[in-house]
Amino acid sequence: MEIKTDDYSVKYDTESNMVICKGSLLLNSSVEYAPILDLFNTVAEKQVKPLTLDVRELEFLNSSGINTFTKFIVNVRKKRVLQLIVVGYGEILWQVRFLKNLQRLMPALVLKLE
Amino acid sequence: METQIFGHFIEESSEDMEYLKIGLLPTCLSIKQSWKTNGLSAEFIADYVQTFFVGLPKNTKAPIPIQSKYAVKYIANELLENAMKFNDSTSQRFIEIAFKLYNNKLIFHVTHDINSKNVEKLKKFLQLIFSKNPQDLYFDRMEANAISDEKGSGLGLLSMVCDYSAELGWKFEISKHDAPITLTTMVSLNI
């Protein structure tokens with residue numbers, strides 16, 4: 001399962017059970033972000049194993065993108081069964097801040113900063 | 001002409017100093033093409049800062065920190081996205097982003113026309129941002145947006161304040177006739 005354009009890609013890798021986000025996400029409002037949110041929610045739907053969300057190679061995220069990730073996190077938090085791990089780079093300050101904000105929304109979220 | 005100021009508004013300085021200004025006319029392009037100019041302009045401004053920011057004497061040997069470059073791109077892009085979302089579609093005015101480098105801070109001014117309905121919406125949001133703790137409001141908005149999306153929830157503005165410690169100000173210029181209202185949003189970022 002993958003959404004890929006010249007600017008970004010969002011891919012679910014079944015083997016590692018990871019959703020990997022790469023590139024620059026600068027889409028216009030929740031309408032353009034809907035396919036990405038659908039991918040996140042579909043992957044989370046029937047998950048029994050812990051799921052990893054990898055944003056290490058994500059270079060840019062606008063506020064509509066932040067909104068998309070927070071919607072997904074709130075959705076996972078509601079389900080209460082899925083364990084979610086998020087991975088970013090500890091040296092990239094915006095990723096650290098962004099992922100800590102996600103963790104504040106869902107305290108059970110496991111944050112891995114490399 | 002009536003002028004209304006909210007927040008920490010700093011006027012565009014007339015000092016003799018380097019600045020960058022970009023004018024966009026959204027009616028010239030399709031929405032998709034216009035949207036692309038936001039990111040491209042923001043990237044250009046961030047590159048400009050990285051090349052030309054000298055800073056205080058103690059910083060002269062160090063270029064702008066990489067996280068500040070990201071902050072500049074993020075803020076410029078959010079301001080342009082907001083300008084495009086809330087620009088008065090009947091207006092022929094350019095959306096302008098002006099950017100000035102000081103030795104310890106960066107200042108953005110984004111100017112565009114706005115209709116009275118969106119002015120009321122923005123003023124309601126400003127009342128909230130001045131009466132509540134911005135961090136609490138930021139997370140309240142994230143939770144609320146997860147349930148139902150609202151155009152202009154202010155998440156972008158709140159993230160500038162909460163994630164980048166930016167100071168914001170707004171200026172409304174209301175002419176006496178039926179002409180559109182002109183809004184200037186100012187963001188000051190210490191680096």
Side-chain angles (χ1 to χ4, degrees), chain A residues 5-8 23-34 36-38 40-41 44 55-79 84 88-107 109 113, chain B residues 26 30-43 46 65-82 84-86 134-136 138-166 191:
Chain A
T5 73
D6 288 346
D7 301 319
Y8 63 87
S24 287
L25 280 168
L26 282 147
L27 302 176
N28 181 359
S29 79
S30 53
V31 177
E32 286 193 2
Y33 274 104
I36 293 174
L37 183 60
D38 281 349
F40 287 168
N41 284 333
V55 300
R56 286 174 301 178
E57 303 299 325
L58 190 61
E59 289 155 18
F60 193 85
L61 187 63
N62 65 359
S63 67
S64 294
I66 294 175
N67 200 17
T68 304
F69 279 83
T70 57
K71 278 181 185 168
F72 172 61
I73 295 297
V74 170
N75 182 33
V76 171
R77 186 187 69 195
K78 274 190 204 149
K79 288 189 193 308
L84 192 63
Y89 283 128
E91 278 183 2
I92 303 181
L93 278 191
W94 78 264
Q95 287 189 0
V96 175
R97 223 162 10 214
F98 165 59
L99 297 179
K100 284 189 172 167
N101 284 345
L102 295 185
Q103 197 179 37
R104 183 170 157 183
L105 284 171
M106 183 184 165
L109 180 146
L113 295 171
Chain B
S30 70
I31 293 176
K32 221 171 172 72
Q33 282 175 311
S34 293
W35 199 257
K36 243 188 149 69
T37 61
N38 298 335
L40 287 172
S41 305
E43 177 82 40
I66 194 82
Q67 60 266 31
S68 298
K69 187 188 174 190
Y70 186 91
V72 169
K73 184 177 174 187
Y74 182 83
I75 290 169
N77 182 67
E78 288 301 319
L79 289 171
L80 286 168
E81 285 190 5
N82 279 350
M84 222 152 259
K85 276 185 210 165
F86 298 108
Q135 280 285 347
D136 293 343
Y138 189 28
F139 281 87
D140 286 353
R141 287 285 157 128
M142 286 188 206
E143 294 279 358
N145 282 352
I147 298 160
S148 78
D149 252 324
E150 196 193 333
K151 182 190 168 196
S153 64
L155 204 70
L157 295 173
L158 285 165
S159 66
M160 290 179 207
V161 176
C162 298
D163 294 333
Y164 298 99
S165 307
I191 53 174

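Here is how names work: the chains are called A, B, and so on, in the same order as the sequence lines, proteins then strands, and each is numbered from 1. Owing to the predicted nature of the structure, the values given are computational and were not obtained by experimental measurement.
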**Asked** How many angstroms lie between atom OG of Ser24(A) and atom NZ of Lys73(B), to the nearest 0.5 angstrom?
**Response** 4.5 Å
**Interatomic distance, Ser64(A) atom OG to Glu78(B) atom CD [nearest 0.5 angstrom]** =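 Ser64(A) atom OG to Glu78(B) atom CD measures 7.0 Å (nearest 0.5 Å).
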**Prompt:** How are the rings of Phe60(A) and Tyr74(B) set to each other: parallel, tilted or perpendicular (split at 30° and 60°)?
**Reply:**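 Tilted: the ring planes of Phe60(A) and Tyr74(B) meet at 30° to 60°.
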**Message:** Suppose we screen for salt bridge (charged side-chain N to carboxylate O under 4.0 Å, His left out). Which residues come up paired with Asp7(A), at least two apart in sequence or across chains?
**Reply:**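 Asp7(A): salt bridge (charged side-chain N to carboxylate O under 4.0 Å, His left out) contacts with Lys36(B).
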**Asked** Which answer fits Asn77(B), side chain, backbone, both or neither, if we ask what part of it has an atom under 4.5 Å from a heavy atom of chain A?
**Response** side chain
For residues [X] and [Y], report the shortest heavy-atom separation together with the two atoms involved.
X: Leu27(A); Y: Glu81(B); result: O-OE2, 4.5 Å
X: Lys71(A); Y: Asn145(B); result: CE-O, 3.4 Å
X: Arg97(A); Y: Tyr164(B); result: NH2-CE2, 3.0 Å

**Asked** If you tally heavy-atom pairs under 4.5 Å against chain B, which of Leu37(A), Leu61(A), Ile73(A), Thr68(A) wins?
**Response**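 Option with the greatest count: Leu61(A).
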**Which of Leu26(A), Asn62(A), Asn28(A), Asn67(A) touches chain B most, by non-hydrogen pairs under 4.5 Å** =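 With the most close heavy-atom pairs to chain B, the winner is Asn28(A).
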**Item:** Asp6(A) atom CG, neighbour heavy-atom count above 12 within 6.0 Å
**Value:** no
**Asked** Which bit of Glu32(A) comes within less than 4.5 Å of chain B, counting heavy atoms only: side chain, backbone, both or neither?
**Response**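 Only the side chain of Glu32(A) comes within 4.5 Å of chain B.
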Scan the side chains in residues 99-106 of chain A for donor-acceptor partners under 3.5 Å anywhere in the protein, sequence neighbours excluded, and list what turns up.
from	atom 1	to	atom 2	distance (Å)
Asn101(A)	ND2	Asp163(B)	OD1	3.2
Gln103(A)	NE2	Leu109(A)	O	3.2

